[in-house]
Amino acid sequence: MKKDFILATFEDDRHVLAATKKARDKNMPIFDIYTPFPVHGLDEAMGIKRSILPYVTLVAGAMGLLIAIALQVYTNAIDWPIIVGGKPFNSIPAFVPISFELTVLFGAHTTVAAFLALNKLYPGKQPHIFHPEQTCHTFIMAFEKNSVNAEEVSQLVKEFGAVEVKEESADVK
Amino acid sequence: METEIKNYELSGGVQKTSMALIAVGIVAMIASFVINPTVGWVDFLVNTIYFVLVALSGIFFLAVTGVMQASWITPYKRIPEAMTKFLPIGFVFMLATYFGLHTIYEWTHTEVVLNDPILKEKTPYLNETFYMIRMVVIFAIWILLGKKLLSLSKDQDANPEKDLQHSIMKTSAIGLILFGLTISFAAFDWIMSVEPHWFSTIFGVYIFAGMFVTGISFTTLSVIKLREWGYMQGIISDDHLHDLGKWMFGISVFWAYIWISQYLLIWYANIPEETEYYVMRHHHWNGIFFFNLAINFLAPFVLLMSRGAKRNAGRLKLVACILMVGHFIDLYLMVAPKVFEHHNASVVGFGIIQFLSWLGFFGLFILVVAKSLSKMNLIPKGDPNLDEGLHLHQ
């Protein structure tokens, strides 16, 4: 479903940062900002909440640890007990490397998968490009037309050095 | 902002506190020598090695960041620099352990060595003369390296127009090679030779890991304390603390990794001359043995896992204190069991007297670092990487 956007184009990261702070002060909901490189402080200025990714990693890592211990205890001591090097069936020191590896394996793979899912990235995805130069040197601040006052927005962004303000309807989620 | 930077002044409070700690430490040291000279020498040696290693970590941080041209450390680079000033004092203490050699090191007893074929073979390396020569050479390298790195850094402050980065990189690169060799020899000589039959090739790395943890903990503690006292305002941000928290967390895990690397191989191979080290510790010292792992690995792992904890000055201070005490226990556990067994001493364990003697050395260390810091510019204003270090972003 297509939505109407107001797009402000900037040519300086400091201008877009200042405009973002002002827009947040004035309670104007910003849809998104497209920048050619990461701008320090922009996340805080936009008020983006911290990602849940670290907790996904924690849970996946803990799962990996439990699975590793269960696997080793089951195979070494229950299913097919076999004496290795004269050690007891359940030898904690021998379990350490595998427990560590599976913790890392589960944690890392789940983190990558969760990262792609949270960012709605998948192979073959066609990203919507508002402006051909947004991956090169321009900064695009997008507002949803329905949720803001177009007059106010264009006044605010021009105050902070926006070089162009235009409207466009696009299918962006 | 340049003009607002306040240099550190040694306050009466710090002086009095460290003096009081030193007094406590002297009383504890005398008490332990009176109770049992063996206990006294062990406490003295372990404390000396511990704080020499903390001072040495200063050289390591300066050298490794000097080679890498790292900017993260620049705002508080003066703290590792001040830490290295303890090395000459540590050298004097280490020389004093000469009088305790017979108490601590089995291989200094001629009659024992003569009746022991293994120790007899090791005499070309393990003899008192060569031991002392190595000690002097090791300290000479460390002290000269510290002096050179500090004078370059001072020169940079005084003459910002001079390009000294290249000579800093060169000194640091050579210094790192020397550091890697000397810390291994120091670990083998001073600590591993307490049990002259036993050997572990990873021992130098294990000592290095402990040194790294204590060094970064002391640096963190100093940075937070300086900020609390009103220095470095607007210079040290929560992002800088986050960096230090990540270091403490990561290097504690690294220490545990090296710990299990040493334990696992000896446990698996099960060769008597290697396992004796752990058998002795599992036997009489089992509680402290596992407490060592809990305090140095589990505690920082749990307490510093979340992002908020790494940005919380109070939490960082707590973990830094835990780790500093924890690694003293770790070092104590490497030296004491064998010495006490050797002397049939009834003392088993780590007690309040050891902790008090550690506090005394800690007081002296704080005093030396604070005095040195008060003689420097608190911020290395001539460092070309300082600007990047100040504008640290996540």
Side-chain angles (χ1 to χ4, degrees), chain A residues 13-14 16-17 20-21 35 37-65 68-69 72 76 82-108 111 114-115, chain B residues 71-72 200 202 237-240 242-243 245-246 249-250 252-272 274-275 277-279 281-282 286 289-290 292-294 297-298 301-312 387-394:
Chain A
D13 56 332
R14 284 165 298 180
V16 82
L17 194 57
T20 310
K21 283 177 184 155
T35 65
F37 55 81
V39 178
H40 284 310
L42 194 59
D43 288 11
E44 288 86 7
M46 287 171 76
I48 294 175
K49 280 201 207 100
R50 282 192 57 76
S51 159
I52 61 157
L53 201 58
Y55 297 97
V56 175
T57 313
L58 178 68
V59 172
M63 286 276 292
L65 180 69
I69 291 170
Q72 291 173 96
N76 283 315
I82 190 165
I83 294 170
V84 180
K87 303 288 192 284
F89 297 133
N90 273 328
S91 295
I92 293 165
F95 292 173
V96 169
I98 291 149
S99 306
F100 168 76
E101 296 299 345
L102 280 196
T103 309
V104 173
L105 186 80
F106 276 61
T111 306
F115 170 80
Chain B
S71 61
W72 60 270
S200 163
I202 207 174
S237 66
D238 284 351
D239 287 339
H240 291 103
H242 194 174
D243 265 2
K246 281 185 249 179
F249 180 81
S252 296
V253 177
F254 173 69
W255 173 86
Y257 170 62
I258 301 299
W259 186 96
I260 193 73
S261 297
Q262 179 172 287
Y263 185 88
L264 194 65
L265 294 200
I266 291 175
W267 174 84
Y268 244 130
N270 208 6
I271 301 167
E274 286 181 353
T275 46
Y277 180 84
Y278 287 114
V279 168
R281 278 151 188 82
H282 276 313
N286 209 15
F289 183 79
F290 286 109
N292 181 25
L293 274 180
F297 170 60
L298 280 182
F301 189 73
V302 173
L303 290 173
L304 284 184
M305 193 187 277
S306 78
R307 180 178 189 264
K310 294 192 202 82
R311 300 173 76 86
N312 178 334
D387 197 48
E388 196 186 323
L390 291 177
H391 295 99
L392 181 72
H393 286 286
Q394 285 282 301

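Counting heavy atoms of neighbouring residues, nucleotides and ligands inside a 6.0 Å radius, atom CE of Met63(A) does not exceed 12 of them. Residue Phe115(A) qualifies as open at atom CZ: its count of foreign heavy atoms under 6.0 Å is 12 or below. Sparse packing is recorded around CD1 of Ile92(A), with 12 or fewer heavy atoms of other residues, nucleotides or ligands lying under 6.0 Å away.
For Pro97(A), the part sitting under 4.5 Å from any heavy atom of chain B is the side chain, from C-beta outward, and nothing else. At a 4.5 Å heavy-atom cutoff, Pro54(A) makes no contact with chain B through either its backbone or its side chain. Tyr268(B) touches chain A through backbone and side chain together, each having a heavy atom under 4.5 Å away.
Put simply, the side chain of Arg50(A) reaches to within 4.5 Å of the side chain of Arg307(B), judged on heavy atoms.
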